[in-house]
Amino acid sequence: MSLRPLTDETLLVRLETLVHQERESVAEIVEHLAEVDRRDIVLDRGYATLFEYCTKRLRYSEAAAFLRIRAARAAKQFPRVLDDLKSGAIHLDAIMRLYPHLDARNCDRLLAQAAGASKREVLALVSSLGGAGGAPERDVIRRLPVLPPATSPSARDAQPPPGIALPSAGAAFPPAGAALPPVAMARRQDPDGSVGTQTVLAPSRIRLSFTADDGFLAMVERLRRLRRHKYPAGRLEDLLKDAVASILARIDPERLKQDRRRGRGAAKPRSRAPSRRVPAAVKAEVWKRDGGRCAYVAPDGRRCEGRDFLEFDHAIPWAIGGKSDNAANIRLLCRPHNQMLARRRFGPRRIAAP
Ligand SMILES: [Zn+2]
């Protein structure tokens, strides 16, 4: 039906009604996705992830799927998200940006602050949470305070005890060539100026943040994908540590020396006994046969397209006599499907929930 004959007034009323309905639909879709996410349904239907289901089956664009899944996960933890979506107080983009910073204590406050906010305002809010001091272009390396275990309960969640010098939030990375203040901040500075010996930051964690271009992001994503098997969680720390270590192994003379020394150590002899371990030749054969892709087939015949998190699975479990050295008993499964089948085979208690 043509909209041309409508009066201006009717046209706007109808448009606004549709937008209202759209908001309600989006909130309901997010609510449904959250419930789907709680179950094994999409795995059973042959999708490795909810994202794959959203893009392949629901035909969302990758960005649209990402926004809705983020919102669904936020809604699972913070039900208020659904009400705010429905009322139009907050949009999917804001939830996507806020979600990593939400916790039980700040949720109400942050969602209220983000209500009606533009993208720019939400970005400013998020930036204020990161403690980057509003200087997103600068690299920031910040040592996170770790209090000693014997701290009194009242101090546990509070500020460090007086007299302990901690770097200010958002302390910027010193200019190139300058040394980081390494353990000075880990030592107790008594009021009289003497430095005590108590180490405060023993299991130190450091927050690094920096901005990068799309090319860098693409390389990181590529690395994440290629290293999924070794680092299933895909944590940047693991990936970048690996990358930095491999560069150092190549160019750092100290490191080369250490490696050579280690290389002279006794190598473990390989066991010839029957093993759960799948021999390399069998792995190669199975990989080729399964096309480097998860071999799970759903009841309706859909085969999973998962190419990440692939694992070599024993069709007949090794524990009950399934062979490791026979390709017929080995198949490629993505981790979500491997875990789903294990839950069915052994019950949920044997496998940690993903
Ligand atoms: Zn799969």
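Because the structure is a prediction, the values reported are computed rather than measured.
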Exceeds 12 heavy-atom contacts within 6.0 angstrom, atom [atom1] of [X]:
X      : atom1 : value
Arg120 : CZ    : no
Asp8   : CG    : no
Arg222 : CZ    : no
Arg57  : CZ    : no

Any Lys/Arg nitrogen of [X] or [Y] sitting under 4.0 Å from an Asp/Glu carboxylate oxygen of the other?
X      : Y      : value
Arg38  : Glu35  : yes
Arg225 : Asp308 : yes
Asp290 : Arg331 : no
Asp242 : Arg227 : yes

- Message: Angle between ring planes, Trp287 versus Phe312, binned at 30° and 60°: parallel, tilted or perpendicular?
- Response: tilted
Honestly curious: do [X] and [Y] fall in one hydrophobic cluster under the side-chain, below-4.5 Å linking rule?
X      : Y      : result
Leu111 : Leu129 : yes
Leu110 : Val122 : yes
Phe309 : Val297 : no
Leu67  : Val36  : yes
Tyr296 : Tyr47  : no

Mark yes or no for whether [X], through its side chain, and [Y], through its backbone, hold a donor-acceptor pair below 3.5 Å.
X      : Y      : value
Thr17  : Val13  : yes
Asn329 : Ile316 : yes
Arg68  : Ala64  : yes
Ser324 : Arg276 : yes

Which heavy atom of [X] sits nearest to which heavy atom of [Y], and what is that distance?
X      : Y      : value
Ala65  : Thr55  : CB-CG2, 3.9 Å
Phe66  : Phe51  : N-CE1, 4.1 Å
Ser87  : Asp84  : OG-O, 3.2 Å
Pro232 : Lys230 : CD-O, 3.3 Å
Gly46  : Ala298 : N-CB, 3.7 Å
Ala71  : Ile95  : CA-CG2, 3.9 Å

Looking at [atom1] of [X] and [atom2] of [Y], how far apart are the two atoms once the value is rounded to the nearest 0.5 Å?
X      : Y      : atom1 : atom2 : value
Leu239 : Arg224 : CG    : CZ    : 6.0 Å
Asp44  : Arg39  : CG    : CZ    : 12.0 Å
His101 : Ser128 : NE2   : OG    : 9.0 Å
Cys294 : His337 : SG    : NE2   : 5.5 Å
Arg73  : Ile69  : CZ    : CD1   : 6.0 Å
Leu240 : Leu208 : CG    : CG    : 9.0 Å

- Donor + acceptor pair across side chains of Arg343, Gln339 (<3.5 Å): no
Taking side chain as C-beta onward, heavy atoms only, is [X] less than 4.5 Å from [Y]?
X      : Y      : result
His314 : Lys323 : no
Leu102 : Gln77  : no
Tyr99  : Phe78  : yes
Lys56  : Arg302 : yes

- List the steps, then state whether salt bridge (charged side-chain N to carboxylate O under 4.0 Å, His left out) holds for Asp93 with Lys119. CA-CA 8 Å; Asp93 187 82; Lys119 178 177 172 180; 5.3 Å; no
- Might you work through the side-chain contact (heavy atoms from CB on, under 4.5 Å) test for Met96 and Leu92, ending with a clear yes or no? CA-CA 6 Å; Met96 185 262 296; Leu92 290 172; over 6 Å; no
N/O donor to acceptor pairs below 3.5 angstrom from side-chain atoms of residues 19-34, sequence neighbours left out:
| from | atom 1 | to | atom 2 | distance (Å) |
| --- | --- | --- | --- | --- |
| Ser25 | OG | Gln21 | O | 3.1 |
| His32 | ND1 | Glu28 | O | 2.8 |

- Query: Does the side-chain contact (heavy atoms from CB on, under 4.5 Å) test come out yes or no for His229 and Glu311, once each step is laid out?
  - Reply: CA-CA 8 Å; His229 196 68; Glu311 297 171 339; 3.9 Å; yes
- Residue pair Thr49, Val42: steps toward the side-chain contact (heavy atoms from CB on, under 4.5 Å) verdict: CA-CA 7 Å; Thr49 59; Val42 301; over 6 Å; no
- Assess whether side-chain contact (heavy atoms from CB on, under 4.5 Å) is satisfied between Arg293 and Arg303, documenting all intermediate values. CA-CA 9 Å; Arg293 187 180 143 195; Arg303 180 173 165 190; 3.7 Å; yes
